[in-house]
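Notes follow the structure.
If you're wondering where the values come from, they're calculated on a predicted model, not measured in any experiment.
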Amino acid sequence: MLVTLVAPYVDTCAADLSLTLGGALRPALHVLQVDLPGAVQVRLRLLGASHQVVLRAPGATLTETVACLPGHRPDLPDRVHDESTGYRFTATVLRTGDEGLRERVAALRADLADDPYALVGVFPGDADAVTALAVRPDLSGGALGWRTWHAYPQTRELVLTETVVTPQ
């Protein structure tokens, strides 16, 4: 689902992002609820300051926020692996030229615009200022996951995250 957001773009750059697990729901600009087999529910939440994913499944409840959070020191780890909860997270920052970012964002928008498991938010003022989230419902071994993309046209950065949760 492709949505144009009615809110200012408040992210500044990849270095300002933090990862938090748990915590309160943040005000969302748009929410897509994805219901999967086995009583699994994933809510993809676009924030003015990036994203939040809420997972509810038998054996797993999780809230993941990747955003510029007031009062939090920026800290976006390259990877997190918590065997006790079955949570795995990776983040990669790509630095591109203007055309490289524009091409990647255009391809992302085209790939995800009609995907029922995806939410792409376009911020006003720059068609390349997007935050996108996509649930991956077909992982093996009872795992489920999602990927996100955060584009920063002002710094020509694209932040890619991937999360896999294997309920214990």
For the atom pair [atom1] ([X]) and [atom2] ([Y]), what is the distance rounded to the nearest 0.5 Å?
| X | Y | atom1 | atom2 | answer |
| --- | --- | --- | --- | --- |
| Leu21 | Asp82 | CG | CG | 8.5 Å |
| Leu112 | Tyr117 | CG | OH | 14.0 Å |
| Leu44 | Met1 | CG | CE | 10.0 Å |
| Arg79 | Thr92 | CZ | OG1 | 8.0 Å |
| Leu47 | Leu5 | CG | CG | 10.5 Å |
| Leu119 | Gln33 | CG | CD | 12.5 Å |

Return yes if some donor-acceptor pair links the side-chain N/O of Arg147 with the main-chain N/O of Arg136 below 3.5 Å, else return no.
->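 No; zero donor-acceptor contacts below 3.5 Å.
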Would you say [X] and [Y] make side-chain contact, with heavy atoms under 4.5 Å?
| X | Y | result |
| --- | --- | --- |
| His150 | Leu76 | no |
| Phe123 | Leu46 | no |
| Leu144 | Val135 | no |

Next on the checklist: Using a 6.0 Å cut-off, check whether atom CG of Asp78 has over 12 heavy atoms from anything other than its own residue.
Outcome noted: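 No - once you tally the heavy atoms of other residues, nucleotides and ligands closer than 6.0 Å, there are 12 at most.
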Count the heavy atoms belonging to other residues, nucleotides or ligands that lie under 6.0 Å from CG of Asp114, then report whether that count exceeds 12.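 Result for CG/Asp114: open.
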Before giving the answer on side chain to side chain contact (heavy atoms under 4.5 Å, CB included), spell out for Val93 and Tyr152 the whole-Å C-alpha distance, their side-chain angles and the decisive distance to 0.1 Å. CA-CA 11 Å; Val93 179; Tyr152 300 96; over 6 Å; no
For the student: nearest non-hydrogen atoms of [X] and [Y], plus distance:
| X | Y | answer |
| --- | --- | --- |
| Arg104 | Thr96 | NE-CG2, 4.1 Å |
| Glu157 | Leu101 | O-CD1, 3.8 Å |
| Pro137 | Leu36 | CB-CD2, 3.7 Å |
| Thr166 | Ala143 | OG1-CB, 3.5 Å |

Practice prompt. For Thr148 and Thr161, test the side chains for any donor-to-acceptor distance below 3.5 angstrom and give the result as yes or no.
Written response: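 A donor-acceptor contact under 3.5 Å links the two side chains.
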All salt bridge (Lys or Arg N to Asp or Glu O under 4.0 Å) counterparts of Arg88, not counting sequence neighbours:
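For Arg88, no residue satisfies salt bridge (Lys or Arg N to Asp or Glu O under 4.0 Å) once neighbours in sequence are set aside.
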Residues 63-74 side chain polar contacts: donor-acceptor under 3.5 Å, at least two apart:
{"unit_1": "Glu64", "atom_1": "OE1", "unit_2": "Tyr87", "atom_2": "OH", "d": "2.6"}
{"unit_1": "Glu64", "atom_1": "OE1", "unit_2": "Thr163", "atom_2": "OG1", "d": "2.7"}
{"unit_1": "Glu64", "atom_1": "OE2", "unit_2": "His51", "atom_2": "NE2", "d": "3.1"}
{"unit_1": "Glu64", "atom_1": "OE2", "unit_2": "Trp146", "atom_2": "NE1", "d": "2.9"}
{"unit_1": "Thr65", "atom_1": "OG1", "unit_2": "Gln52", "atom_2": "NE2", "d": "2.8"}

* **Steps toward side chain to side chain contact (heavy atoms under 4.5 Å, CB included) verdict (Val40, Leu55)** => CA-CA 8 Å; Val40 175; Leu55 167 66; 4.0 Å; yes
### Message
Using side chain to side chain contact (heavy atoms under 4.5 Å, CB included), reason through Val122 and Arg109 one step at a time and then give a plain yes or no.
### Response
CA-CA 9 Å; Val122 181; Arg109 289 171 65 159; 3.9 Å; yes
